[in-house]
Amino acid sequence: MIQPVRVRFAPSPTGFLHIGGVRTALFNWLFARHHGGQFLLRIEDTDEKRFVAGAADDLMESLRWVGLTWDEGPDIGGPHAPYVQSERHDQGIYRAYVDQLLAQGYAYQSFVSPEEQEQMKAEALSQGLKSFRFRGPERTWTPEQVAEAEAQGKPYTVRLKVPLTGTTVFHDLIRGGECISVENDELYDVVLLKSSGMPVYHLAHLVDDHLMGITHVIRGEEWVPSMPYHVLLYRAFGWEPPLFAHVPNMLRHNGQGKLSKRKDDVATNRFWERGYLPEAMFNYLALQGWSYDDHTEIMSVHELIERFTLDRVQSSPARWNPDKLKDMNGIYIRSLSVVDLARSIAPYLARAGLIGSPPQAEDLAYVEQLTFLIRERLEELSEAPDLLVFFFREVEYADPLLLVQKKMDIPTTVRALRLAHERLQPLETWDEASVEGVLRALVEELGLKAGQLFGTIRVAITGRTIAPPLFETLTVLGRKRSLARIVRAAQVLV
RNA sequence: GCCCCCAUAGUCUAGCGGCCCAGGACGUCACCCUUUCAAGGUGAAGAUCGCGGGUUCGAAUCCCGCUGGGGGUACCA
């Protein structure tokens, strides 16, 4: 029997989660769902210095927003709880395994301070060595020497006793299972336990992955260089290692390095306010480094789960492309029903103070009418308030000359507005067809082009030259407000 | 510097020896539709498949070198 797939996403709470991290989580999630396995979330907070309070909650919120749910995790627990490394550390989990390595001679206590290490490095380099690979002098110490140093209360770290010779090989699912090999003399004795007693990533993640029964480690390619240490550790523990898949990094838009929290606008928790639909984000991210075939791009979560396989993950890095995301967001917006889109847009209007917050039933009903007008014009939901303000606020006519169309002047424009008012006012029914009928007749009468008259009225009604279709707009705005604006526009010009 | 990974249009990608003098998408441009803007439709420009060597009857696809890009080189993850 093949054991069920178990994968994990293990971020460290050092700030907001950026979309590159979400992409890695997404691949793990899709892989787990595809195989009917489990996806777990584990918080790796072994770096006391970079810890940011609240980051773990923020990060979980980001994952939930995109639709990634976990089967075991810090908030919901699970058979291997706790899922927070600092808590596991408090239980003495890591120390026990370090002691095992120590006892078996795979690791050693090192009393070299960071400063002394720096010195050793500087010395080695000054002697013409091309590079410095730290090897602690304690490697050859007798138990008595170690005991003595310890008795003096000297702080120490525990380091992995990396073989001096030989080669360490490993393979990677994404690089076609090709063997990657590294000479052991390129390695150094990595720290496993800091002098504070806290484990370092290399040790902690590996112990947890083993204990939690992780079958596949899908993580960023920045981990490839440390694979030899992990291989050595699995060997030292005598554990069967999981399968590894290092997914390519996401590069910055300009290709200058990998996506950066500091330099790029990629905080996952900000995409809602920027007007993005989680479905669009999900779909876009799935395509960053993975593809289904030569033409399919829009795929539902269900389809993605069905189709996602690791062998179709690219081995070369992808670049963050905001334009593509935006386009995809537009596609998802247009695919929403008017009711659903109205519901999605309402919070943005409420935020802008255009409707009640939270939106009331009557607000929503009105928004549904408006939604119809901008459905095809939205790429980001956050654009809605701006596109619709004139339905909620009086127009300002900051630049009255916008009313005057090509080949027209102020007098002809004023006349057109007055006549439009005169003809529209007596209309019995105020609907699209009637309004259009009247205005088209007026175009004829005035000997204008449709674009000229309609352009003038558009500016009169909306205050701008770019707006939703005119007759629909007039209909939704209503007779009273429409006529009032036409009158005001004419007044502004004289 | 040293080590590792990667390399198809501006970008994301299809391609895993002949179906490709390279397919799809974003972006760009043009035209159609049209009351503006979009959406939609049609079409165009854009890739000597990074460069140079091999292997092969045949290479974007395999091998080697170079170049370029990315990553790592922490008591950070």
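Only a predicted model underlies this, so the values are computations on that prediction, with no experimental measurement involved. Below, chains carry the letters A, B, ... as their sequence lines are ordered, and counting in each starts from 1.
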Practice item. Quickly work out the Leu370(A) CG to A38(B) P distance and round it to whole Å. Key: 21 Å
Check your understanding: What's the closest nucleotide to the Ser291(A) side chain, out of C75(B), U13(B), C37(B)?
Key -> U13(B)
Revision key, fill the gap. Testing A39(B), C75(B), G72(B) for proximity to the side chain of Pro225(A), the answer is G72(B)
Study note, to complete from the structure: Side-chain atoms of Lys194(A) come closest, of C76(B), C26(B), C12(B), to C76(B)
Practice item. Could I get the full list of side-chain hydrogen bond (donor to acceptor under 3.5 Å, both in side chains) partners for Asn269(A), not counting sequence neighbours? Key: Asp58(A)
Practice item. Return no unless some side-chain N or O of Gln314(A) is found under 4.0 Å from OP1 or OP2 of C12(B). Key: no
Check your understanding: Does Arg133(A) pair with Asp185(A) as a salt bridge, N-O distance under 4.0 Å?
Key -> no
Check your understanding: Among C12(B), C37(B), G72(B), which is the nearest nucleotide to the side chain of Lys258(A)?
Key -> G72(B)
Check your understanding: Does Arg334(A) make a side-chain N or O approach to OP1 or OP2 of G40(B) shorter than 4.0 Å?
Key -> yes
Review point. Hey, does the side chain of Arg133(A) come within less than 4.0 Å of U73(B)'s phosphate (OP1/OP2), counting only N and O?
Key: no
Check your understanding: Does G15(B) have OP1 or OP2 sitting under 4.0 Å from an N or O in the side chain of Arg312(A)?
Key -> yes
Review point. Does NZ or CZ of Arg312(A) lie under 6.0 Å from the centre of the six-membered ring of Phe308(A), at an angle within 45° of the ring axis?
Key: no
Study note, to complete from the structure: Side-chain contact check for Val182(A): nearest option of C5(B), C3(B), G40(B) is C3(B)
Practice item. Counting heavy atoms from C-beta on, name the nucleotide in A14(B), C75(B), C26(B) closest to the side chain of Asp294(A). Key: A14(B)
**Study point:** d(CZ, Phe244(A); P, C4(B)) in whole Å
**Key:** 19 Å
Practice item. Could you tell me whether the phosphate oxygens of A25(B), OP1 or OP2, come under 4.0 Å of any side-chain nitrogen or oxygen in Lys324(A)? Key: no
Check your understanding: Is there a donor-acceptor contact under 3.5 Å linking the side chains of Arg219(A) and His246(A)?
Key -> yes
Study note, to complete from the structure: Which of U36(B), A77(B), C12(B) is nearest the side chain of His202(A)? It is A77(B)
Check your understanding: Between G70(B) and Ser316(A), is there an OP1 or OP2 to side-chain N/O distance shorter than 4.0 Å?
Key -> no
Check your understanding: Looking at Phe134(A), is Arg159(A) sitting on its ring face, NZ or CZ under 6.0 Å from the six-membered ring centre and within 45 degrees of the normal?
Key -> yes
Review point. If you check the Ser315(A) side chain, which of G71(B), C75(B), C6(B) turns out closest?
Key: C6(B)
Exercise for review: Report the nucleotide, chosen from C4(B), U36(B), C75(B), that has the shortest atom-to-atom distance to any side-chain atom of Ile180(A).
Suggested key: C4(B)
Point to revise | Side chain of Glu44(A) (C-beta onward), nearest among U36(B), C26(B), A77(B) | key: A77(B)
